[in-house]
Structures are given as structure tokens and as C-alpha cells.
Amino acid sequence: MTVTARARITAATGGRLPLLAGEGPLALRRTRAREPGWAQVTTVGAMSGPLGGDRLRLTVTVLPGAALRVTSAAAMVALPGRDGAQARYDTVLTVGEGGVLHWLPEPVISAAGSALRMTTRVELAAGAHLVLREQLVLGRADEPTGRLTTRLTVRRAGRPLLDQELDIGPGAPGWDAGAVLGGHRAVGQVLVVDPERMNEPVAVALPGPAAVLAPLPGPGALATVLAPDGLALSRQLTGIAERMTSGARREPVASQC
């Protein structure tokens with residue numbers, strides 16, 4: 001049996017969450033934020049999956065001047081369905097003027113035999129701030145990966161900032177060749193958009209043995225990392241993200257209510 005489920009989050013100034021609704025495997029919990037004026041939400045896997053054929057959609061809206069951090073309680077494991085159908089997980093993130101979104105989920109693990117297509121679409125106002133982390137792990141311990149296709153598109157002030165797609169696993173041409181993953185079992189990235197700090201382009205850098213930091217055509221930068229496993233990937237991304245966001249804006253706009 002396949003599952004169709006939706007979840008929605010709306011964050012307002014003063015750490016308020018006027019909308020927090022989830023269903024099926026997309027269970028949402030408000031958790032304690034570390035900073036005053038922020039809201040924090042943790043996704044909790046209420047069911048296994050996504051399984052083949054599932055259709056999941058998460059919509060997040062950060063209203064102007066609000067600050068929101070979204071995390072997850074555990075890794076998400078893509079599992080095979082009975083008929084080999086592809087699962088879909090679509091995420092839509094919208095951040096208003098002066099808003100801040102830290103999107104920091106745990107890894108996605110592609111189990112053997114699974115097929116998952118993930119899309120993340122981000123719409124940013126000109127003065128919006130974003131920290132987005134993505135972690136992909138190819139297979140559980142001692143098993144091959146499933147098929148995993150991800151696409152990330154980011155628009156700022158109505159103009160394209162980033163559009164990229166990664167297709168890995170059985171049936172994906174050249175996915176394990178040297179020009180793509182080169183035998184690594186984990187891949188991830190950190191995207192930072194900060195119009196208050198990134199007035200000058202970020203210099204291209206190599207922050208690790210299989211990592212690159214590159215500027216975007218706007219006030220942003222993208223770090224991409226390959227690693228032998230999920231733990232090594234997480235450690236590298238955490239260190240790079242801390243350096244990229246050092247001194248970044250952390251105080252949300254005060255509530256006007």
C-alpha cells in the first residue's frame with residue numbers, strides 16, 4: 001500500500017508557528033530553539049519509508065522577519081516497494097524579506113532496491129537568509145545503493161541562483177565514475193545565502209580532500225563534499241558550515257505583535 005502525505009510549516013516573527021501540520025510519515029514536532037525569537041521544528045518519522053510508490057510533500061513558509069530552524073530526529077531511509085515503483089519526496093521552501101531559514105535534516109539513506117526522487121525548490125526574497133544542508137548516503141552497511149535522484153533549485157528575488165540535479169545508483173549513467181562520485185559512498189552539500197555578508201564573491205577553495213567551495217551568482221556559496229561514509233560526510237559538512245556561517249546574522253526581527 002502506498003502513502004500520500006503532506007506537511008506544512010509556517011513561521012512568523014517572535015518564534016511563533018501559526019501553522020504546523022503533518023500527516024502519515026511526515027510528523028512534525030515543535031522543539032526548543034537555542035536562540036530567542038527563533039522557532040524550531042523537528043520532523044519525526046512516524047512510519048517507515050518512504051517506500052516505493054509513496055508521494056510525500058513538505059511545504060515550509062518563513063514569513064518576513066521570522067527565523068526558523070528545521071531538523072530531523074533521525075536519518076530517512078528510502079526502502080523498496082513491492083512493485084519497484086519510484087517514491088517521490090517534494091519540498092518547497094519560501095523565505096520572505098529579512099527571514100532566516102536553517103534547513104538541517106539528517107541524511108537520506110538509499111537502501112538497496114529502492115527508488116526515490118527528491119526535489120527541493122527554494123524561493124528567497126532579496127533580503128532572505130538561508131543555510132541548507134543535504135546529506136546522501138549510498139546504501140546501509142554492507143549493501144549496494146538504490147536509485148536516488150535529487151534536484152535542488154533556488155531562486156532569489158525571482159531570479160535563478162542554483163539549479164542542479166544528481167542521479168545515482170543502478171541505471172544512472174556514469175554515476176560512480178571519477179567525474180561524479182568516484183567510488184565514494186556519501187555525498188553532501190551546504191548552501192549559504194547571506195545578503196548582509198556576501199557582498200563580494202566567495203573565493204573558490206578546497207576545504208577538504210574531496211570537497212570544493214564555490215561562489216554562486218549572487219550573495220551565496222555552495223560547498224560540495226564526497227566522503228567514504230555518512231559519519232565522515234557529516235563531520236566535514238559541519239566543519240565547513242561553521243566556517244561559512246561564522247559571524248552570520250542570527251538575530252531575527254523582533255515581533256511587531
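Atom set for the values below is all heavy atoms of this structure, side chains included, hydrogens, waters and symmetry mates excluded.
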Between [X] and [Y], is any pair of side-chain heavy atoms under 4.5 Å apart?
X: Leu233; Y: Pro107; result: no
X: Leu130; Y: Arg156; result: no
X: Val154; Y: Leu216; result: no
X: Val204; Y: Pro215; result: yes
X: Leu166; Y: Leu136; result: yes
X: Arg121; Y: Thr94; result: no

Interatomic distance, [X] atom [atom1] to [Y] atom [atom2] [nearest 0.5 angstrom]:
X: Asp90; Y: Thr119; atom1: CG; atom2: OG1; result: 3.5 Å
X: Thr4; Y: Leu56; atom1: OG1; atom2: CG; result: 8.0 Å
X: Leu93; Y: Leu58; atom1: CG; atom2: CG; result: 7.0 Å
X: Arg29; Y: Thr71; atom1: CZ; atom2: OG1; result: 12.5 Å
X: Gln40; Y: Thr31; atom1: CD; atom2: OG1; result: 3.5 Å

| said: Keeping Ser110 on the side-chain end and Gly146 on the backbone end, is there a donor-acceptor pair under 3.5 Å? | reply: yes
Sequence neighbours excluded, which residues qualify as salt bridge (charged side-chain N to carboxylate O under 4.0 Å, His left out) partners of [X]?
X: Glu123; result: Arg155
X: Asp163; result: Arg151
X: Arg6; result: none
X: Glu97; result: none

| Got a sec, which hydrophobics cluster with Val92, joining ILVMFWY side chains under 4.5 Å apart, including via others? | none
| Under the 4.5 Å side-chain heavy-atom rule for ILVMFWY, direct or indirect, which residues accompany Val137? | Leu51, Val77, Leu79, Ile109
| side chain to side chain contact (heavy atoms under 4.5 Å, CB included) assessment of Val100 paired with Trp38 | CA-CA 9 Å; Val100 186; Trp38 283 66; 3.6 Å; yes
| Which residue pairs pass the side-chain hydrogen bond (donor to acceptor under 3.5 Å, both in side chains) test with at least one member in residues 130-139, sequence neighbours excluded? | Glu134-Gln189
| task | For residues 229-240, pull every pair meeting side-chain hydrogen bond (donor to acceptor under 3.5 Å, both in side chains), keeping only residues two or more places apart or in separate chains. | result | none
Can you give me the closest heavy-atom contact between [X] and [Y], atom names plus distance?
X: Ala12; Y: Leu63; answer: CB-CD1, 4.0 Å
X: Ala39; Y: Ala33; answer: C-CB, 4.4 Å
X: Ile240; Y: Pro207; answer: CD1-CG, 3.8 Å
X: Ala7; Y: Gly22; answer: CB-CA, 3.8 Å
X: Thr13; Y: Pro64; answer: CG2-O, 3.5 Å
X: Ala221; Y: Met244; answer: O-CE, 3.6 Å

Could you give the side-chain donor-acceptor pairs of residues 175-187 under 3.5 Å, partners two or more places apart or in another chain?
from   : atom 1 : to     : atom 2 : distance (Å)
Trp175 : NE1    : Gly169 : O      : 3.2
Asp176 : OD1    : Gly183 : N      : 2.9
His184 : ND1    : Leu181 : O      : 2.7
Arg185 : NH1    : Leu138 : O      : 3.4
Arg185 : NH2    : Leu138 : O      : 2.6
Arg185 : NH2    : Arg140 : O      : 3.3
Arg185 : NH2    : Glu143 : O      : 3.1

| Val212 with Val192, same ILVMFWY side-chain cluster at under 4.5 Å | no
| said: Count I, L, V, M, F, W, Y as connected when their side-chain heavy atoms are under 4.5 Å apart, and connections chain through other members. Are Leu17 and Leu101 then in the same cluster? | reply: yes
| note | Checking Val122, Leu124, Leu162, Val95 against Val193 for side-chain contact (heavy atoms from CB on, under 4.5 Å), the one that qualifies is Leu124
| query | Are Leu28 and Thr43 close enough, and set up right, to give a side chain to side chain contact (heavy atoms under 4.5 Å, CB included), and what steps lead you there? | reply | CA-CA 5 Å; Leu28 305 175; Thr43 62; 3.6 Å; yes
| More than 12 heavy atoms of other residues, nucleotides or ligands under 6.0 Å from CZ of Arg117: is that the case? | yes
| query | Partners of Ala21 by side-chain contact (heavy atoms from CB on, under 4.5 Å), sequence neighbours excluded? | reply | Leu19
| note | Residue set satisfying side-chain hydrogen bond (donor to acceptor under 3.5 Å, both in side chains) with Ser72, at least two apart, ordered chain then number -> none
| message | Per the salt bridge (Lys or Arg N to Asp or Glu O under 4.0 Å) rule, what does the pair list look like for residues 52-67, sequence neighbours excluded? | response | none
| said: Glu35 vs Arg69, test: side chain to side chain contact (heavy atoms under 4.5 Å, CB included). Steps then yes/no. | reply: CA-CA 10 Å; Glu35 302 95 338; Arg69 178 181 290 104; 3.1 Å; yes
| request: Show the numbers, then the answer: is there a side chain to side chain contact (heavy atoms under 4.5 Å, CB included) between Leu116 and Val108? | output: CA-CA 10 Å; Leu116 174 63; Val108 176; 4.1 Å; yes
